[in-house]
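Quick note on labels: first sequence line is chain A, next is B, and so on, each numbered from 1.
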Amino acid sequence: MAKNLVIVESPAKAKTIEKILGNDFEVKSCFGHIRDLEKDDMGIDIPNNFKPKYIVPEDKEKVVKDLKKLAKETDEVWLATDEDREGEAISWHLCEVLGLDPVNTKRIVFHEITKSAIEKAVRQPRLLDMNMVHAQQARRILDRIVGFELSPVLWRKMSMRNSLSAGRVQSVAVRLIVEREREINAFNSVSTFKVEAWFTGKDISGKNISFKAEGPTKFKTAEDAEKFLQQCVGAAYTVKDIQVKPGKKSPAAPFTTSTLQQEASRKLGYSVSKTMLLAQKLYESGKITYMRTDSVNLSDTALANIQKEINTSFGEKYHQHRKFKNKNESAQEAHEAIRPTYMENHTDDDSDTKRLYDLIWKRTIASQMSDAELEKTIAKIDISTNHEELTASGEVLKFDGFLKVYLESRDEEDVTEEEEDQEGSLPPLTVKQALDLKEMKATERFSRPAPRYTEASLVKKLEELGIGRPSTYAPTITTIQKRNYVEKRDKEGVKREYRILLLKDNQISKNTDSENTGAEKSKLFPTDLGMIVTDFLNQYFDSVMDYGFTAKIEEEFDEIAGGKQVWNKMLNNFYQPFHKAVQDTLENAERVKGERLLGEDKESGKPIVARMGRYGPMIQIGKAEDEEKPRFAKLKATQSIETITMEEAMELFKLPRTLGQFEGSDVVVNIGRFGPYAQHDKQFYSLKKEMDPYTVELDEVGPLIAEKRTAKSERTIKVFEKEKIQILKGPYGPYIKQGLRNFKIPKEKIDTAADLTVEEAKAIIEDVKANPPKKKAPAKKKKA
DNA sequence: CAGTGAGCGAGCTTCCGCTTGACTT
């Protein structure tokens with residue numbers, strides 16, 4: 001038995017560190033937090049100065065038991081959890097649970113897993129920082145109070161009230177999406193006219209050249225643009241001036257969790273959860289450093305390896321030592337940046353993780369490479385018939401530097417229109433050179449609203465606001481979608497006409513062309529529920545919904561950590577007004593329906609409203625108290641209470657439609673709980689995505705019925721008619737179905753499932769019934 | 001599996017931040 005027990009948070013880390021420390025040390029992991037607030041009664045004794053009631057969650061019991069045993073057997077326990085607020089608290093909980101005295105237990109920290117860093121840490125142990133622990137405790141309790149007092153308010157006050165939730169992080173994330181959506185809906189696009197001219201000529205050596213130049217300004221109206229083109233009729237064009245300016249580009253910092261999620265989204269199209277899943281795999285197989293980090297720091301060992309790699313692969317002039325600083329004040333920097341563990345592994349052989357690994361390798365190596373050097377050329381072109389001038393610009397790469405391996409992509413909203421017209425190189429020109437105008441065009445361009453958030457751009461925004469942590473970005477994005485506040489989907493663009501004025505051969509002609517606009521892919525849209533909940537929370541709990549709330553309380557947590565404020569006093573200052581708002585809201589707020597009056601029914605004169613019903617957004621014609629029952633129709637998935645028009649609403653009442661007869665019985669189309677479907681002979685058939693229930697025709701439904709029939713026969717391996725037992729092929733392999741129940745076939749019989757006899761199948765069913773498979777343990781309710 | 005829409009109210013839900021597997025009809 002080793003003399004020393006070192007406890008870290010991550011098991012992968014434990015393995016690595018054990019190798020470094022040698023035989024006297026046994027390194028174990030506690031798998032993150034080992035205690036949490038009890039759920040009953042919020043787990044907080046509020047009148048008793050917010051005294052927390054901690055328990056060991058069921059899934060951590062084994063970990064705690066094992067650590068207790070080891071702690072007893074060893075001479076000395078070293079607490080080596082991460083050096084941040086949460087890590088300090090985990091160490092304190094370990095003391096509490098393992099019966100260690102915080103005043104003489106050794107606490108060590110390191111920010112990188114290297115031999116020198118770990119050996120240095122062991123030489124300089126410190127003690128637990130109780131102020132830091134109290135800061136974490138205040139954070140934990142505040143989040144519990146906000147979540148567990150606000151959520152029940154929603155259950156009482158929303159017309160749709162199944163498993164709604166609110167919290168310091170998630171509710172603000174939804175707010176961002178809701179406000180962006182409204183910004184887009186309220187956006188009024190204005191158009192301007194942009195002038196471009198294409199020239200031809202000859203360079204000094206007599207070679208033919210051609211290039212593009214841009215007009216003096218964007219014209220506000222077609223008339224202004226035409227006037228300008230008119231002035232250019234018959235003009236001569238000469239190069240008036242050429243300016244050459246050097247420029248440079250620098251590489252981006254190495255990856256943090258949030259920047260990795262953003263780049264993987266932009267370059268590879270991964271969702272944030274997919275990125276984290278793949279990164280976790282790479283981490284567990286020892287290929288990259290820890291993937292949940294807010295640090296851009298690289299260890300000295302890593303820097304040396306990167307330099308070596310650059311020198312051998314690209315040459316010394318490509319290397320430039322850089323130290324990146326974190327822009328984010330809320331960063332706690334308990335780890336390194338995300339980088340390959342071994343730079344000499346240029347790629348990964350696993351096809352699943354390869355693309356992400358390549359991205360991390362390139363980003364890491366580029367971060368220590370030289371600037372790219374550019375030469376920007378701007379040529380002014382004189383127009384003989386007026387005082388305006390045209391501008392041609394070009395960019396030439398003189399030295400590629402880091403661009404040899406990697407260039408960071410940008411978000412849609414950060415790219416300006418000028419950058420969109422990508423600059424190529426300009427042919428060599430000379431001052432006073434005469435040019436021939438091939439054609440000049442004034443094209444109508446429309447201003448665009450801010451784009452909707454992607455998962456990754458939302459993470460970026462949250463990080464900027466200091467809301468959430470690397471370990472919670474992905475789960476938060478999942479939560480707000482699971483709660484149906486937000487949905488990720490595509491939006492089809494609409495066709496829009498734009499005008500073009502063309503000057504060619506001294507003639508001006510007018511034309512229109514069309515473009516697709518407003519198309520979006522994998523963007524976050526708020527649902528009606530998300531909007532209604534956000535409006536409600538904004539109205540009654542504006543302080544928690546404020547974008548600066550987290551930043552403000554983080555300052556206070558820092559004061560607690562610095563010993564300048566007492567944790568339970570801070571909590572009390574927050575709690576008094578907050579709790580009062582909760583009570584006022586419960587007493588006074590009306591139940592929220594999100595109702596919007598669309599107009600009157602032409603035939604009956606009854607009011608038509610869009611509102612939230614118990615089962616989702618809908619249109620209602622007439623009132624509940626009318627003699628005649630109101631008519632109802634559910635909104636389509638892409639429609640919203642806020643934007644639906646009267647016309648679109650009336651369209652919804654056209655279902656159900658009877659299309660005609662097939663094999664002697666009616667085919668009826670409707671939209672149900674699981675989307676559009678056709679009903680025929682008591683069977684249901686889901687309509688294909690591209691089939692619109694409002695316009696679909698009979699001859700399109702026939703193939704659907706046939707398809708389902710063959711799919712069913714293909715899925716069937718064997719049928720025992722009399723016993724009502726079927727052997728079917730499912731997504732997880734063959735299984736047995738009797739009546740409505742499914743039964744798992746034991747592993748050893750999976751391969752020969754087709755040969756099962758009715759007796760064998762029966763035996764399996766009896767077996768499963770006798771030993772039902774363990775279900776996911778539902779949260780155990782404790783009885784006093 | 002393809003309904004519903006009023007009101008009352010059992011009995012349920014819920015937070016954020018640390019960490020990984022177990023397991024799927």
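- If you take CD of A/E595 and C1' of B/dG5, they are 12 Å apart, rounded to a whole angstrom.
- Within the nucleic acid shown, A/R85 has no heavy atom closer than 4.0 Å to any nucleic acid atom.
- Atom C1' of nucleotide B/dA2 and atom CG of A/L704 are separated by 14 Å, given to the nearest angstrom.
- Aromatic rings of A/Y290 and A/Y283 (six-membered ring for Trp) have centroids within the 6.0 Å cut-off, being under it.
- By the stacking rule of 5.5 Å between ring centres and under 30° between planes, A/F148 stacks on the base of B/dT14.
- Put simply, A/S165 has a side-chain N or O that comes within less than 4.0 Å of OP1 or OP2 on B/dC15.
- Note: CD1 (A/I7) to P (B/dT19) measures 16 Å, nearest angstrom.
- The distance from atom CD1 of A/I141 to atom P of B/dG17 is 15 Å, rounded to the nearest whole Å.
- OP1 or OP2 of B/dC18 has at least one side-chain nitrogen or oxygen of A/S471 nearer than 4.0 Å.
- Applying the 3.5 Å distance criterion, the base of B/dC16 shares a donor-acceptor pair with the side chain of A/R139.
- For A/R292 and B/dC18, a side-chain-to-base donor-acceptor distance below 3.5 Å is absent, hydrogens and geometry of angles not being considered.
- Side-chain N/O atoms of A/Y290 include one lying less than 4.0 angstrom from OP1 or OP2 on B/dT19.
- Using a 4.0 Å cut-off, some side-chain N or O of A/R483 falls inside it from OP1 or OP2 of B/dT14.
- Nearest approach of A/H579 to A/E149, heavy atoms of both residues: ND1-OE1, 2.9 Å.
- Within the structure, every side-chain polar atom (N or O) of A/R611 is placed at least 4.0 Å from both OP1 and OP2 of B/dG5.
- Using a 4.0 Å heavy-atom criterion, one finds that A/G167 contacts the sugar-phosphate atoms exclusively.
- Among the atoms of the strands shown, only primed sugar atoms or phosphate atoms (P, OP1, OP2) are found under 4.0 Å from some heavy atom of A/D82.
- Between A/Y473 atom OH and B/dT19 atom P the separation is 13 Å, expressed in whole Å.
- Considering only side-chain N and O atoms, A/Y615 lies nowhere under 4.0 angstrom from the phosphate OP1 or OP2 of B/dA2.
- Heavy atoms of A/R631 sit nowhere under 4.0 angstrom from any nucleic acid atom.
- Residue A/G622 is classed as having no contact, given no heavy-atom separation below 4.0 Å to the nucleic acid.
- A/P630 comes within 4.0 angstrom of no nucleic acid atom, judged by non-hydrogen atoms across all strands.
- Distances shown here put every side-chain N or O of A/K39 at or beyond 4.0 Å from the OP1 or OP2 atom of B/dT13.
- When heavy atoms are screened at a 4.0 angstrom cut-off, A/G468 is found touching the sugar-phosphate backbone but no base atom.
- Centre separation under 5.5 Å together with a plane angle under 30° does not hold for the ring of A/F632 and the six-membered base ring of B/dT4, so they are not marked as stacked.
- Taking side-chain N and O atoms only, A/T476 has no distance below 4.0 Å to OP1 or OP2 of B/dC16.
- One atom, CZ of A/R591, and another, C1' of B/dG5, lie 13 Å apart when rounded to the nearest Å.
- Checking the phosphate oxygens (OP1, OP2) of B/dC15, a side-chain nitrogen or oxygen of A/Q170 falls inside 4.0 Å.
- Contact annotation for A/A166: backbone-only contact, meaning every heavy-atom pair under 4.0 Å involves sugar-phosphate atoms and none involves a base.
- Residue-level contact check: A/R469 touches the backbone only, with heavy atoms under 4.0 Å from sugar-phosphate atoms and none from bases.
- The stretch residues 274-283 of chain A comes close to DNA chain B through A/Q280, A/Y283, each having a heavy atom under 4.0 Å from the strand.
- One can place NZ of A/K593 at 7 Å from P of B/dG7, the figure rounded to the nearest angstrom.
- Among the protein residues, A/V146 comes within range of no part of the nucleic acid, since none of its heavy atoms lies under 4.0 Å from any strand.
- Rounded to an integer number of Å, the gap from A/D528 CG to B/dG5 P is 20 Å.
- The side chain of A/T472 places no N or O atom within less than 4.0 Å of a non-bridging phosphate oxygen (OP1 or OP2) of B/dC16.
- For the pair A/D82 and A/R292, the salt-bridge criterion is not met [side-chain N within less than 4.0 Å of a carboxylate O].
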